[in-house]
Amino acid sequence: MKQLDEEEVGGAVGRSPPRRDGPGKVTGRAKYLDDLTFPDQLWGRTVRSTVAHAKVKSVTFDPAFDWSGITRVTATDIPGENVVALIVDDQPCLADGVVRHCEEAIALIAGKDREQLEQALLHVKIEYEPLPPVFDLLHSDVAFKKYKIERAVETLPEIFAKAYRIVEGTYKVRHQEQMYIEPNAICAVPRPDGGVTIHGSMQCPFYIHRALQRLMKLPTEKIAVIQTVTGGGFGGKEDYPSMLAGHAALLARKAGKPVKMIYKRDEDVAATTKRHPAVIKHRTAVAQDGTLLGCEIDVVMDGGAYCTLSPVVASRGVLHAGGAYRWPACRIDCRVVMTNTPPNGAFRGFGVPQTMFGIEAHMERIAHELGLDPLELRRKNALELGDQTPTGQELLWSVAAQEVLDAAVAKSDWHRKRHLFESEVTGRKRRGIGLSLALHGAGFTGAGEVRLKARAGVELTPRGCRVLAISTDIGQGTETVFAQMAADSLGVNFDDVEVAIPDTSKMPDSGPTVASRTVMVVGGTIASAARALQAALASFAAERYGAEAGQVTCREGIFYATVPDSPAERPLAPFGAIASAYLDERGPLRCIEQYAHPPGIEFDEVAYRGDAYPCFAWAATVVELEVDLDTFEIKLDRVVHACDVGKAIHPVLAEGQIEGGTVQALGYALLEEHFYKEGRVINTRLQNYLIPTSMDAPVIESVLVEDPYPHGPYGAKGLGELPMDGPAPAVVAAVLHAIGALVPELPVTPERVMAALEAAR
């Protein structure tokens, strides 16, 4: 496993300087949208459907109510296309004639008095003609998208016929709420030129920009989208802000005034997208020694009422359904279907936590049924360099499955504790230790990055440079790591790099802040642009100081020239002096680069064959817990999470990503579950939708494994989603070790533990 030396790393990368957004957030100086007030601003609210599926016969604004001073908008007020532009044009910005889920937006109102708006909502009358709803994903006959991955399927019948054991299992996962600290928040400000400026909490400003072009029938130059300080996203602010921005823009256009819309917590939970529920069925042929011979996997995901991002969520899910293992033969099917529930969308992991739970829980079932050590079962079958994935992708670099297993096992004292807990058979509490192995593709699938043509860059300042990228910092530390990579690539100090606020009117489109691509794809493009900026300044410095062209470089804020016929260098001038002279003599200097995809990466999106991702990140998770055999409650004791990140640009932030993702995944494993009544979420508050608190979090130990990816900046690859994939199946594995029963669905509640134990008996 290659390690980068200090020279390759530079002055900022690989260290942990204070995060750029830290002081403002700690002191309260950071301004979220709710802290901002715009001149003559109105507040907006949404009139929503109370039924899951119906024709809308009429919308009546009660004439007995005083509507003066209140702006009203329905679908008839939309100047462009009534659509939330994304993948498929099936979701209206405002329902027109039919509703397909509870909480669907039908009309909008805005006014200065927020209490008056609450009363006004009660005076909008909607008459419905009910239509039959579908709530069960297994009973839906409408598929948004279907996928099939096949590898040597002609041999599957023979493989299953000769297998030592055929192991079958069905695994279920449910909705999960992103539960970001700051709810969805947008303000639309109308402009004198007839355009609109959007300020708000978001992940993907250009998503909003493109959606508004169609909704508002405006040219690109008449729309600006500016990110405000954002209190978390986790995918929940990838596509939904396009809906909210459309609502605010429509109200602002009609009122001629700024309109701010900030959801209350219950509205945000009830109406916005969530993680897709799924049912995953496995049928696996296994040799007596545990070698995996072949598999059939069937995945069904619930997309909700509209398509949103379901095709790409299902795509990533099916591509990871076989886990981190070799499959000589396989058939993997996936479909994502429509139900009359609020649409599901992006959530950290993007389909992988669902299918990774399926394969890892199934590996535990295989080990349990064959009497094999679950660690050795994984070691025997884990992918290695030169192996091929189910799509036929040959793994050419940065494959760290064995390394993360080694790191997690060593740190957790796996072998000793496994035997120790098995010997503890007295009392009504049982301890268990379980593990999982996961992989996660970094960046967009297939040719996604090639089609996107992401662009990012830097511009010269008197002290250093300013980073220009639309990628948003939503709490993960983007501003900090971008500054680190730009500083080292330019040859200046970390403090001499600024990061511009994302603004579609001023920034190149570096693509959405999703898919574990920010550091690897956008960061790498920024680093390339910073090197181009240094080259331009070095040429200028060489000309100015009479040095030989191509022999000038900058390190730690000083330009040096190579001394002819000598290993020595002579200092020319500080960076600031060269930068100021350049700006005075030649004017502004901006370097914009386009992301360069690694050569030879090819993926057939019809056959679903080839290189799905340029590389994968790898993780192993070990969970220790205790099960109470009287109450069936689970108490977490310790989690060890080893993640291969390629290169940790900022080790403290990387560990923070691992710890935060681990806690979020433990909530998915043990606590978080939405309950529906006739298609409507009935637990919409933090009092009844439980997420882990600091009191619930066990000891979490993060282990950074670095197997550099040669086409990533400084060897880095994606990390953000990876920690979400492994903890849930590791919990199930630990419960199985403790009580001898496999819980095949999430969350692992006391009721499900009791049912699994009774079934095992």
Side-chain angles (χ1 to χ4, degrees), residues 138 143 146-171 278-301 314-315 317-335 352 354-396 399 401-402 436-439 441 602-612 616 729 742 744:
L138 296 180
K146 296 180 180 180
Y147 297 98
K148 182 184 290 291
I149 295 173
E150 295 182 325
R151 177 178 172 85
V153 291
E154 65 279 356
T155 66
L156 274 175
E158 181 181 348
I159 286 172
F160 275 95
K162 294 183 177 180
Y164 171 73
R165 184 75 63 88
I166 295 173
V167 181
E168 299 185 48
T170 299
Y171 309 94
V279 176
I280 307 111
K281 295 182 179 180
H282 280 261
R283 182 169 180 261
T284 305
V286 190
Q288 188 170 2
D289 65 354
T291 300
L292 302 175
L293 303 175
C295 68
E296 293 176 337
I297 304 172
D298 182 70
V299 181
V300 184
M301 291 185 175
S315 166
V318 73
L319 286 166
H320 289 77
Y325 306 108
R326 285 182 298 275
W327 293 104
C330 65
R331 177 185 290 114
I332 307 174
D333 291 285
C334 178
R335 68 185 188 278
V352 180
Q354 294 95 312
T355 56
M356 198 60 64
F357 173 73
I359 180 61
E360 285 301 290
H362 195 61
M363 290 294 284
E364 288 298 312
R365 187 187 296 274
I366 292 170
H368 188 66
E369 289 195 12
L370 271 67
L372 301 173
D373 183 319
L375 170 61
E376 295 311 313
L377 177 66
R378 288 172 169 87
R379 286 199 188 281
K380 177 183 290 290
N381 293 286
L383 288 163
E384 297 181 347
L385 274 174
D387 283 340
Q388 290 190 355
T389 68
T391 65
Q393 175 174 354
E394 185 178 355
L395 300 176
L396 300 175
V399 179
Q402 300 291 354
S436 66
L437 176 64
L439 81 168
E602 296 182 1
F603 187 68
D604 184 333
E605 297 194 8
V606 176
Y608 252 57
R609 299 288 300 165
D611 306 311
F616 292 87
L742 181 72

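Positions are given from 1 along the sequence.
- Scanning all heavy atoms of the two residues, the minimum distance from Val606 to Asp604 falls at N-OD1, 2.9 Å.
- A donor-acceptor pair under 3.5 Å is absent between the side-chain atoms of Glu602 and the main chain of Asp611, judged by distance alone.
- One N or O on the side chain of Thr391 and one on the backbone of Gly610 form a donor-acceptor pair closer than 3.5 Å.
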For a quick test of your reading: what N or O donor-acceptor pairs under 3.5 Å do the side chains of residues 152-163 make, sequence neighbours left out?
unit_1, atom_1, unit_2, atom_2, d
Thr155, OG1, Ala152, O, 2.7
Glu158, OE2, Lys162, NZ, 3.3

Does the pair Leu383 and Phe616 meet the rule for a side-chain contact (heavy atoms from CB on, under 4.5 Å), with working shown?
CA-CA 11 Å; Leu383 288 163; Phe616 292 87; over 6 Å; no

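- The two residues Leu377 and Asn381 have their closest heavy-atom pair at O-ND2, 2.8 Å.
- Listed here is the closest heavy atom pair of Leu742 and Pro744: O-CD, 3.4 Å.
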Begin with the C-alpha distance, continue with both residues' side-chain angles, and end with the deciding distance and a verdict on side-chain hydrogen bond (donor to acceptor under 3.5 Å, both in side chains) for His362 and Tyr171.
CA-CA 8 Å; His362 195 61; Tyr171 309 94; 2.8 Å; yes

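- The closest side-chain heavy-atom distance from Met363 to Leu292 is below 4.5 Å.
- Glu360 places a side-chain heavy atom less than 4.5 Å from the side chain of Leu437.
- Taking the side chain as every heavy atom from C-beta outward, Met356 and Ser436 never approach each other to under 4.5 Å.
- Put simply, the side chain of Thr355 gets close to the backbone of Gly317: a donor and an acceptor are under 3.5 Å apart.
- Of all heavy-atom pairs spanning His282 and Gly358, the tightest one is NE2-C, 3.5 Å.
- Looking at heavy atoms from C-beta onward, Val300 lies in side-chain contact with Leu138 at the 4.5 angstrom threshold.
- Looking at Val167 and Leu370, their side chains come closer than 4.5 Å, going by heavy atoms from C-beta outward.
- Note: Glu376 CD to Asp289 CG = 12.0 Å, rounded to the nearest 0.5 Å.
- Here the straight-line distance linking atom CG of Leu439 with atom OH of Tyr325 works out to 9.5 Å at 0.5 Å rounding.
- Arg326 places no side-chain N or O within donor-acceptor distance of the main-chain N or O of Gln388, the cut-off being under 3.5 Å.
- Residues Met301 and Ala314 approach most closely at SD-CA, 3.9 Å, considering heavy atoms.
- Exactly one of Ile280, Thr170, Val279, Asp333 qualifies for a side-chain contact (heavy atoms from CB on, under 4.5 Å) with Asp298. That residue is Asp333.
- Of all heavy-atom pairs between Ala367 and Pro374, the closest is CB-CA, 3.9 Å.
- In this structure, Lys148 places its NZ atom where more than 12 heavy-atom neighbours from other residues, nucleotides or ligands lie under 6.0 Å away.
- The backbone N or O of Gly441 sits less than 3.5 Å from a side-chain atom of His320, completing a donor-acceptor pair.
- Judged by distance alone, the side chain of Arg151 and the main-chain N or O of Trp327 form a donor-acceptor pair under 3.5 Å.
- By the 4.5 Å heavy-atom criterion applied to side chains, Tyr608 and Leu319 are counted as neighbours.
- Comment: Glu296 does not engage Lys281 in a salt bridge, judged by the lack of any side-chain N to carboxylate O separation of less than 4.0 angstrom.
- Taking 4.5 Å as the limit, every side-chain heavy atom of Val299 sits out of range of all side-chain heavy atoms of Tyr147.
- A salt bridge between Glu364 and Arg378 is present, with a side-chain N of the basic residue lying under 4.0 Å from a carboxylate O of the acidic one.
- At distances below 3.5 Å, at least one donor-acceptor pair connects side-chain atoms of Arg609 with backbone N or O atoms of Glu150.
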